[in-house]
Amino acid sequence: MNETVSQTDKTAATPSEHMVSLSLNQIIQDYPAPGGGVTRVIGGVDLVFERPGINMLLGPSGSGKSTLLNMMGGVRPLNVKTPTSGTISIDGQPCHGPHDDAVMVFQRYANRPDLSVYDNVAFPFRFKLWRERVPEKEWRARVAHMLDAVGLADKKALHPAQLSGGQNQRVALARALVLQPRILLMDEPFGALDAQTREEMQHLLIKLYRERPCLIVFVTHDVTEALMLGDRVVVLSTQPANVADDFAIHAPRPRSLDWQRSPEAVQLSERVLDQLHRVSPGKGSLRVTV
Amino acid sequence: MTDFWNPYVQPGPRMRRQLVLLSVGGLLLLWSALSGFGIVGPNRLPAPWDVLSAFGYLAWHDGESMLAEATLWSVGRLLAAGVLVVAIGIPVGVAMGASPRINAALSPLIDPFRSAPVVALLPILVMWLGIGEAMKIAFLFIGAVVYLIPMVRDAIQAVPQSHWIGARDLGASPWECIRQAVLPMAMPRIADALIVAVSVMWTYITVAEYVNAKVGLGQLIQNARRFSAWDQVFAGIIVIIVLALVTYQLMRYLKTRLFPWETHQ
Ligand SMILES: Nc1ncnc2c1ncn2[C@@H]1O[C@H](COP(=O)(O)OP(=O)(O)OP(=O)(O)O)[C@@H](O)[C@H]1O
Ligand SMILES: [Mg+2]
């Protein structure tokens, strides 16, 4: 039935309240270079994400993917101005600094060691912003539902140190999704997991995405992951980062091992690798898991 | 013996007891020998048994216990100063750690006191506060708080920025980030700071009670010294050491109970 799910189909199926747009306009980022002067890390990136979907941002390690994603999230390391120039707009509104349209899941899960799984997932509701927006009865229901959805309902009293890496990343994912964000920014969330757990997490993400589609920007340096998850794949070159390639994948998810071996997938994978070797030969590293 | 030079393997409780017995017992033995064979005279080093009987005398004599009374007074002063240290030192340290501007303004006023001769402040405090309880408590407070504040500040600053950024991303206001994300993560190190502060107060208690204390452990030692009752001086010092050690162990225990997550982070 949904053999031919494509971006256009999904748009039609999505209620207008989920419409969202995120655009990056001529983003440039310079960092101070060790010996004085500056290093251009991002060299004028233009990107527009206009509808719910899983958008993969693929680039070699050190290419500036985290920097770019943090900008979209409106968070930045203290004392660093980002972006150096360019604007990021959400629904056409330029945004400066923190904003609450987007929620991030970080490269290394940022779970609180002193809180239980339940309190970690319910953590955002300690803040005035969300307490005022979501009545307690509703957020408790959402937390319970998310714990169920990520399969941690029976572990809600445990602490992060008692969980595996994959379970910890589930907690981080649940904490982001209880807010029902319109934009979800994920920074190599499964990068530290073993291959099998990573695949489980990818399936979980697909399941949760179906339940409530939103605009996901998912950073990875894993070509296979990009092809398995993406509605759209944006390939970044490195030093400075620029959009080297940008294509859509229409195959339905979850994408099977057979699809991975299909001529389409093999061709896409080669295309990405060729692009990267062409734009930035010998710089950074990419991963291909088979 | 393969674990002799291995910092990560703790000895078992039995082994630990034996080692404590060996060191403490050895010291007592040496002390007994020095006194027993008359190598060091009682005017320079009282014999352990004399110290023990002095302890007994102080603990119970003529229907009253000088030691218990002195201990209660000293502990009381320490507690009063401790409450002030917590109530003032921790908020100030947290504010300094959380705001580099507050830190820039206050650290030149506080940090130098870590190496300043706090004891030399005593006459000044006497001048300002008189010779009563206020002066003693203020002295203990100042002595401890100048250590505590920088340690609390450092504890806050040592919390990884990711906790701040993560909370900020979830829509927390800057103050909520401090209160809900940074402060809880700094609590174990703040507890460490408090443990150090209490230890410092125990070392200063004798100095605080130097001036016009009618009763207290410091006064007890001071008084005994005046009459060259060295056995009582030794007994008093040992009591202070033991009390400090007990408080230290108690606070360490409380810390592991309150922050069990810290050890396996
Ligand atoms: N605060 C900073 N100051 C100076 N240089 C920085 C800063 N943050 C990042 N960089 C530099 O910018 C480049 C891109 O960093 P970034 O973390 O965005 O890369 P990434 O693509 O996410 O890499 P990875 O895949 O390893 O996570 C790196 O060369 C890094 O050294
Ligand atoms: Mg990164």
Side-chain angles (χ1 to χ4, degrees), chain A residues 66 69-80 82 97-116 119-134 158-163 168 171-172 175-179 181 183-187, chain B residues 8 90 94-104 152-194 252-265:
Chain A
S66 298
L69 200 76
N70 288 343
M71 284 179 197
M72 297 185 216
V75 301
R76 58 188 172 82
L78 300 174
N79 311 325
V80 181
T82 60
H99 56 83
D100 46 48
D101 295 291
V103 176
M104 307 190 70
V105 177
F106 291 96
Q107 196 156 6
R108 291 210 36 205
Y109 45 82
N111 291 334
R112 280 277 296 275
D114 57 329
L115 299 179
S116 68
D119 288 335
N120 262 290
V121 174
F123 187 61
F125 299 108
R126 293 184 177 215
F127 306 133
K128 189 160 160 268
L129 176 80
W130 295 105
R131 270 205 318 271
E132 281 175 358
R133 276 190 201 173
V134 188
L158 297 186
H159 284 247
Q162 295 161 299
L163 301 182
N168 264 298
V171 173
R175 175 176 49 239
L177 291 176
V178 280
L179 297 177
I183 301 174
L184 180 64
L185 305 172
M186 308 180 78
D187 190 352
Chain B
Y8 310 103
I90 291 182
V94 169
M96 285 170 73
S99 163
R101 289 168 204 206
I102 295 180
N103 187 35
V152 171
R153 182 222 14 233
D154 296 348
I156 294 284
Q157 288 179 343
V159 174
Q161 201 185 340
S162 57
H163 289 284
W164 199 87
I165 291 181
R168 202 87 179 91
D169 176 62
L170 291 173
S173 67
W175 170 247
E176 283 177 316
C177 289
I178 300 297
R179 175 66 197 81
Q180 298 285 356
V182 176
L183 186 60
M185 298 309 293
M187 280 314 284
R189 282 191 61 177
I190 291 179
D192 284 334
L194 193 60
R252 283 291 300 260
Y253 170 77
L254 280 176
K255 187 198 155 195
T256 51
R257 286 301 298 267
L258 283 171
F259 312 112
W261 51 271
E262 198 227 357
T263 41
H264 51 229
Q265 194 181 353

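Only this structure's heavy atoms are used, side chains among them; waters, hydrogens and symmetry mates stay out. Here is how names work: the chains are called A, B, and so on, in the same order as the sequence lines, proteins then strands, and each is numbered from 1. As the structure is a prediction and not an experimental result, all values here were calculated from the model.
With hydrogens and angles disregarded, a donor-acceptor distance shorter than 3.5 Å links the side chain of A:N120 to the backbone of A:S116. Judged by distance alone, with hydrogens and angles left aside, the side-chain atoms of B:T256 form a donor-acceptor pair with the main-chain N or O of B:Y253 at under 3.5 Å. Although no hydrogens or angles enter the test, the distance criterion places no donor-acceptor pair under 3.5 Å between the side chain of B:W164 and the main chain of B:V159.
Across all their heavy atoms, B:A167 and A:F123 have their closest contact at CB-CE2, 4.5 Å.
Note on A:R112, A:K128, A:R175, A:R126: by heavy-atom pairs under 4.5 Å with chain B, the leading option is A:R112. Most heavy-atom pairs under 4.5 Å with chain A, from the set B:S173, B:A172, B:G171: that is B:A172.
Interface residue A:N111: only backbone heavy atoms are found under 4.5 Å from chain B. With a threshold of 4.5 angstrom between heavy atoms, A:A102 approaches chain B through N, CA, C or O but not through any side-chain atom. With a threshold of 4.5 angstrom between heavy atoms, A:D100 does not approach chain B through any atom at all.
More than 12 heavy atoms of other residues, nucleotides or ligands shown are found within 6.0 angstrom of CZ on A:R133.
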